[in-house]
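By convention in this document, chain letters (A, B, ...) are assigned in the order of the sequence lines, proteins followed by strands, and residues within each chain are numbered from 1. This structure is a prediction, so every number in the text was calculated from the model and none was measured. The figures here come from the full heavy-atom set of this structure, side chains too, leaving out hydrogens, waters and symmetry mates.
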Amino acid sequence: AQRVTQPEKLLSVFKGAPVELKCNYSYSGSPELFWYVQYSRQRLQLLLRHISRESIKGFTADLNKGETSFHLKKPFAQEEDSAMYYCALSYRFGNEKLTFGTGTRLTIIP
Amino acid sequence: DTGVTQSPTHLIKTRGQQVTLRCSPISGHKSVSWYQQVLGQGPQFIFQYYEKEERGRGNFPDRFSARQFPNYSSELNVNALLLGDSALYLCASSLEGSTEAFFGQGTRLTVV
């Protein structure tokens, strides 16, 4: 069975400092990995997905199949990055259910 | 708002009662999924429906059921409510074959 682990429930970072939110997964096939974000009083929304290989709001994430990790990184944190971040996994073709981690609450200290 | 809409936003029920939650997907999205999010946890998959057919089911008891209508809207039903069913219930819609899910604001269910 697939599983997503986010080891940090809380993470505080000073504004301007680098950010790294950790995500590890277990899955025997070829998963699709995502980062979802929930800002205060807003709905859960997609931040980025590994197949897109894009940078969104300065965030990037690289899928490391050897380490089964998909860590989210940003070189310089901004106050508006404060939010709840969820790593999620899906397998494609026929059932697009998402398996989420428990989430990391990121707080940017001014 | 052209996003996924859910109703009601909040609900309080008594143990043993039944509840129906509703979801309207984004126009053009034929796939609807339901998730349960207990406080302090990530969303947990309950059901996925596509073209009115159940495509996937998570590890939830038979007290949970769902259906999808011809207009692609969906209902989630929970019978014989338990205190542990108290949670935020999220609906998500997506395009066929896409794993990108668009979430609603959720229905906060409290069972007392």
Subject >> Residue Arg41(A) versus chain B: region with a heavy atom under 4.5 Å >> reply: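 Just its backbone gets close to chain B.
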Subject >> Interface moiety of Gln6(A) toward chain B, non-hydrogen atoms closer than 4.5 Å >> reply: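 For Gln6(A), neither part sits under 4.5 Å from chain B.
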Original post:
Do other residues, nucleotides or ligands put more than 12 heavy atoms under 6.0 Å from Leu82(B) CG?
Top reply: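 Atom CG in Leu82(B) is crowded, with more than 12 foreign heavy atoms closer than 6.0 Å.
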**OP:** Tell me whether the centres of the aromatic rings in His29(B) and Phe102(B) are closer together than 6.0 Å.
**Re:**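 Close enough - the centres of the two rings lie under 6.0 Å apart.
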Original post:
Ring centroid separation for Phe45(B) and Phe100(A), is it under 6.0 angstrom?
Top reply: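 No; Phe100(A) has its ring centre 6.0 Å or more from that of Phe45(B).
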Original post:
Which atoms of Gln44(B) come close to chain A, meaning under 4.5 Å heavy atom to heavy atom: side chain ones, backbone ones, both, or neither?
Top reply: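 Contact with chain A is absent: no heavy atom of Gln44(B) under 4.5 Å.
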**OP:** With a 4.5 angstrom heavy-atom cut-off, could you sort out which part of Tyr35(B) is near chain A: side chain, backbone, both or neither?
**Re:**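 Only the side chain of Tyr35(B) comes within 4.5 Å of chain A.
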Subject >> Under 3.5 Å side-chain donor-acceptor pair for Gln18(B) and Thr20(B) >> reply: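 Distance-only check passes for Gln18(B) and Thr20(B).
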